[in-house]
There are 2 protein chains.
Amino acid sequence: MAPTKSSKKKPKAALAFQSPDGKSSQHPDLDALVQQTIARVADKWTLLTLEALDQHGTLRFTQLAGLVDGVSQKMLTQTLRQMEADGFVTRTVHPVIPPKVEYTLTALGRSLGEAFCSVWTWAEKNYKAIEKARTAYRERS
Amino acid sequence: MAPTKSSKKKPKAALAFQSPDGKSSQHPDLDALVQQTIARVADKWTLLTLEALDQHGTLRFTQLAGLVDGVSQKMLTQTLRQMEADGFVTRTVHPVIPPKVEYTLTALGRSLGEAFCSVWTWAEKNYKAIEKARTAYRERS
DNA sequence: TATGTCAGTTACCGTAAGGTAAGTACTATG
DNA sequence: CATAGTACTTACCTTACGGTAACTGACATA
């Protein structure tokens with residue numbers, strides 16, 4: 001797509017990233033990178049899988065399939081591979097028959113879970129307000 | 001073989017929004033509701049629009065189109081309608097010629113921005129770790 | 001020999017997300 | 001009269017997401 005042009009960051013975001021204020025970023029695609037990161041991470045199956053692993057610790061493939069409601073084998077595999085590639089989970093293969101594969105969150109994965117926690121609690125607090133707004137909107141139109 | 005069938009099953013799993021399973025579900029799972037909420041909110045254009053409005057306060061349609069990098073008119077309209085319906089923005093039409101329409105965040109919208117701030121910050125802090133993990137994964141396989 | 005278990009992989013296919021481009025409505029201005 | 005400016009719709013079309021189901025491999029058990 002078109003290259004990211006504007007450097008836009010809110011002052012309220014605590015920047016762990018050191019960069020002179022008011023100047024254009026040394027990393028022109030920082031926003032794009034961050035956006036990509038969020039887009040990847042804010043996936044339905046990723047979030048559900050993250051949650052399941054966060055709650056239960058180490059899980060096997062079929063256990064995950066049972067916990068992540070509605071997921072297909074295909075999507076679960078895909079999601080786990082992606083999360084492994086991104087460094088969110090470790091995949092441990094025990095060379096036994098029948099196969100045994102265990103998945104655990106890494107520190108990075110756990111930190112992601114914590115970060116999403118605030119959105120999660122926000123959603124818990126506000127989903128009623130959203131539904132109310134939707135009803136009001138529907139009646140208005 | 002019966003793949004990934006858990007206690008709850010959906011006749012057809014649509015993306016994100018789907019409520020009732022078999023029973024008269026006046027109480028879909030809280031988790032499901034929260035998940036739906038996040039799925040809706042964690043949309044690319046929604047996040048970018050939210051950010052633009054959070055930074056600039058009140059904006060007109062074309063201003064938003066300029067700020068939200070890469071968005072098409074179609075998607076911008078769709079996103080704004082959705083956000084309005086969800087109670088995140090107010091849409092003020094000034095009955096003048098040529099048309100003038102202004103968009104502002106509601107309190108709910110602003111609170112969402114704050115909640116997402118932690119994820120945003122997390123992404124800023126960790127996107128390098130993710131890229132590193134990806135490279136390592138690629139080399140590993 | 002047939003069947004089951006676990007953790008996948010692969011092929012097939014329908015849906016829907018989303019981009020492009022053109023059209024709409026209205027008026028002021030050159 | 002033609003054009004520009006604003007805020008959209010609408011039609012069309014392509015891609016990619018994701019569901020279903022069948023198949024793999026190696027052994028254990030009946």
Side-chain angles (χ1 to χ4, degrees), chain A residues 1-2 35-36 39-49 52-53 58-85 89-104 141, chain B residues 1-6 8-18 21 35-36 39-49 52-53 58-85 89-104 141:
Chain A
M1 252 295 148
Q35 167 59 43
Q36 279 168 36
R40 152 134 319 157
V41 138
D43 167 68
K44 180 185 178 178
W45 299 129
T46 304
L47 284 176
L48 291 176
T49 306
L53 285 170
T58 297
L59 288 171
R60 301 179 61 177
F61 186 85
T62 35
Q63 292 180 305
L64 271 167
L67 287 168
V68 179
D69 193 46
V71 76
S72 64
Q73 290 180 329
K74 181 188 168 187
M75 276 300 103
L76 185 55
T77 306
Q78 212 172 96
T79 305
L80 286 169
R81 284 294 123 77
Q82 187 65 68
M83 291 177 76
E84 193 198 353
V89 297
T90 53
R91 180 169 176 270
T92 313
V93 183
H94 302 270
V96 294
I97 301 277
K100 180 172 181 181
V101 181
E102 288 182 324
Y103 295 92
T104 316
S141 47
Chain B
M1 75 196 260
T4 57
K5 281 285 173 67
S6 50
K8 292 191 224 165
K9 56 165 190 174
K10 311 178 178 179
K12 204 176 226 170
L15 179 106
F17 350 91
Q18 201 37 272
D21 322 77
Q35 167 57 42
Q36 280 168 35
R40 150 133 324 154
V41 137
D43 167 69
K44 178 185 179 181
W45 298 129
T46 303
L47 285 176
L48 291 176
T49 306
L53 284 170
T58 297
L59 288 171
R60 301 180 61 179
F61 186 85
T62 34
Q63 292 180 306
L64 271 167
L67 287 168
V68 179
D69 194 46
V71 75
S72 64
Q73 287 185 327
K74 181 189 169 186
M75 276 299 103
L76 184 55
T77 307
Q78 213 173 98
T79 304
L80 285 169
R81 284 294 122 77
Q82 188 64 67
M83 292 176 77
E84 194 197 352
V89 297
T90 53
R91 180 169 175 270
T92 313
V93 182
H94 303 270
V96 295
I97 301 274
K100 179 173 182 179
V101 181
E102 288 182 325
Y103 295 91
T104 316
S141 47

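Within every chain, numbering begins at 1; the chains are lettered A, B, ... in the order of the sequence lines, protein sequences first and strands thereafter.
Ranking D:dT9, D:dG19, C:dG19 by closeness to the B:R81 side chain, first place goes to D:dT9. Nearest nucleotide to the B:M75 side chain, out of C:dG8, D:dG19, C:dG18: C:dG18. Of the listed nucleotides (D:dG18, D:dA11, C:dG8), D:dA11 has the atom at the smallest distance from the side chain of B:K74.
Listed pair A:S72 / D:dG19 meets the phosphate criterion, a side-chain N or O lying under 4.0 Å from OP1 or OP2. Phosphate proximity of D:dA7 to B:R91: absent, as no side-chain N or O sits under 4.0 Å from OP1 or OP2.
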Donor-acceptor pairs under 3.5 Å, side chain of residues 74-84 of chain B to any protein atom, not counting sequence neighbours: which ones?
from  : atom 1 : to    : atom 2 : distance (Å)
B:T77 : OG1    : B:Q73 : O      : 2.8
B:T79 : OG1    : B:M75 : O      : 2.6
B:Q82 : NE2    : B:D86 : OD1    : 3.4

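To the nearest 0.5 angstrom, B:L53 atom CG is 11.0 Å from B:L48 atom CG.
If you take NZ of B:K44 and C1' of C:dG18, they are 10 Å apart, rounded to a whole angstrom. Look at CH2 on A:W45: it is 15 Å from P on D:dC17, rounded to the nearest Å. In this structure, the CG atom of A:L48 is 15 Å from the C1' atom of D:dG18, given to the nearest Å. Between the CG atom of A:L76 and the P atom of D:dC17 there is a distance of 17 Å, given to the nearest Å. When the P atom of D:dC17 is taken as reference, atom CD of A:Q73 falls 20 Å away, rounded to whole Å. Spacing between atom CG of B:L59 and atom C1' of D:dA7 amounts to 15 Å, rounded to whole angstrom units.
Partners of A:L47 under the side-chain contact (heavy atoms from CB on, under 4.5 Å) rule, at least two apart in sequence or in another chain, are A:F116, B:Q35, B:I38. The side-chain hydrogen bond (donor to acceptor under 3.5 Å, both in side chains) check on A:R91 picks up A:Y103, with sequence neighbours excluded. Scanning for side-chain hydrogen bond (donor to acceptor under 3.5 Å, both in side chains) contacts around B:T104 gives B:T58, with sequence neighbours left out. Among residues two or more places apart in sequence or in another chain, the side-chain hydrogen bond (donor to acceptor under 3.5 Å, both in side chains) test is passed with B:T90 by none.
Using five terminal pairs a side, the axes of the helix from C:dT1-D:dA30 to C:dG30-D:dC1 at its two ends make an angle of 30°, given in steps of 10 degrees.
Contact detail for B:V68 and B:A52: the closest heavy-atom pair is CG2-CB, 4.2 Å. Across all their heavy atoms, B:K100 and B:E102 have their closest contact at CE-OE2, 3.6 Å.
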Polar atoms only, N or O, under 3.5 Å: list the protein pairs with nucleotides 2-6 of chain D and their distances.
from  : atom 1 : to    : atom 2 : distance (Å)
D:dT6 : O3'    : B:R60 : NH2    : 3.1
D:dT6 : O3'    : B:P99 : O      : 2.9

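With the nearest nucleotide of DNA chain D identified for both B:L80 and A:Q78, B:L80 has the one nearer the 5' end.
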